[in-house]
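Accompanying notes for the structure given below.
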Amino acid sequence: QVQLVESGGALVQAGGSLRLSCGASGRTFSRHTMGWFRQAPGKEREFVAAINWSGSSTYYADSVKGRFTISRDSAKDTVYLQMTSLKPEDTGVYYCGAPLVEYSWDRRYATPAMYVYWGQGTQVTVSS
């Protein structure tokens with residue numbers, strides 16, 4: 001069974017930092033773009049960041065640019081999201097996703113519809 005598993009979510013004060021991890025089981029995603037999305041209560045899932053298969057290209061939502069960093073360790077088949085200067089509006093469930101297509105990268109990967117595989121999510125709560 002193919003699974004993505006997120007971890008690292010927590011309750012943190014505004015201005016704090018967290019690092020989220022997304023690991024894979026059942027298959028490798030080392031040849032895939034990977035994305036992080038988040039969903040706040042009552043809102044749609046929104047794009048946070050994406051990284052291509054080699055890690056050479058990244059793309060961020062304007063709301064997190066300069067504060068969040070996406071990276072990957074292909075040897076561990078793990079994708080990370082380093083979050084700094086956290087704000088209460090960063091609160092939500094954070095999901096990682098992977099598309100079906102390998103070796104593909106463009107700005108369309110900012111849309112949830114491009115992703116087939118999803119993890120169960122990890123809760124990030126930022127208190128003011």
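Just so it is clear, the values below take in all heavy atoms, side chains as well, and ignore hydrogens, waters and symmetry mates.
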- Query: Who passes ring-ring contact (aromatic ring centres under 6.0 Å, His included) against F47, sequence neighbours left out?
  - Reply: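 Result, ring-ring contact (aromatic ring centres under 6.0 Å, His included) vs F47: F37, Y59.
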
* Roughly how far, to the nearest 0.5 Å, is OG of S128 from CG of L86? ->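 Here the interatomic distance stands at 13.0 Å.
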
**Value rounded to 0.5 Å, distance of CD in Q3 from SG in C22** =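 If we round to the nearest 0.5 Å, Q3:CD and C22:SG are 11.0 Å apart.
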
I'd like to know if the side chain of [X] and the backbone of [Y] have a donor-acceptor N/O pair within less than 3.5 Å.
| X | Y | result |
| --- | --- | --- |
| T91 | T125 | no |
| S63 | A61 | no |
| T33 | S104 | yes |
| E6 | G121 | yes |
| S85 | R67 | no |
| T111 | A113 | no |
| Q39 | V93 | no |
| D73 | T78 | no |

Shared ILVMFWY cluster between [X] and [Y], side chains joined below 4.5 angstrom?
| X | Y | result |
| --- | --- | --- |
| V48 | M34 | yes |
| W53 | W36 | no |
| W118 | V101 | yes |

query: NZ of K43: more than 12 outside heavy atoms within 6.0 angstrom?
result: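 Count not over threshold, so no.
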
* **E44, CD atom: more than 12 neighbouring heavy atoms under 6.0 Å** =>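 Atom CD in E44 is not packed in, count stays at 12 or less.
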
With a 4.5 Å cut-off on side-chain heavy atoms, are [Y] and [X] touching?
| X | Y | answer |
| --- | --- | --- |
| Q82 | S71 | no |
| L20 | M83 | yes |
| L100 | Y117 | yes |
| C96 | L4 | yes |

Exercise. If you measure from the Lys or Arg side-chain nitrogens to the Asp or Glu carboxylate oxygens, is any gap between K87 and D90 under 4.0 Å?
Worked result: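 Salt bridge: no.
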
Which pair of non-hydrogen atoms, one from [X] and one from [Y], has the smallest distance, and what is that distance?
| X | Y | answer |
| --- | --- | --- |
| V124 | G9 | CG2-CA, 4.1 Å |
| A49 | Y60 | CB-CD2, 3.6 Å |
| G119 | Y95 | O-CD2, 3.5 Å |

List the steps and the verdict of side-chain contact (heavy atoms from CB on, under 4.5 Å) for L81 and T69.
CA-CA 6 Å; L81 185 69; T69 302; over 6 Å; no

- Give the ring-plane orientation class for W105 versus Y109, where under 30° counts as parallel, over 60° as perpendicular and anything between as tilted.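 Ring orientation, 0 to 90° scale: parallel.
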
query = When you check the side-chain N and O atoms of D77 and S30, is any donor under 3.5 Å from an acceptor?
reply =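 The answer is no; no qualifying pair exists.
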
Any donor-acceptor pair under 3.5 Å linking the side-chain atoms of Y94 with those of R38?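 R38 vs Y94: donor-acceptor pair found between side chains.
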
* With a cut-off of under 6.0 Å to the ring centre and 45° to the axis, is R27 in cation-pi contact with F29? ->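 Ring-cation test returns yes.
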
| Is the cationic atom of R72 (NZ for Lys, CZ for Arg) positioned less than 6.0 Å from the six-membered ring centroid of Y80 and within 45 degrees of its normal? |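 Pair R72/Y80 does not count as cation-pi.
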
inquiry  = Please evaluate residues T84 and F68 with respect to the criterion side-chain contact (heavy atoms from CB on, under 4.5 Å), reporting the C-alpha separation (whole Å), side-chain torsions for both, the decisive distance (0.1 Å), and the verdict.
reply    = CA-CA 6 Å; T84 63; F68 291 10; 5.6 Å; no

For a side-chain contact (heavy atoms from CB on, under 4.5 Å) check, start with the C-alpha distance between N52 and Y103, then their side-chain angles and the critical distance, and finish with the verdict.
CA-CA 8 Å; N52 73 342; Y103 300 120; over 6 Å; no

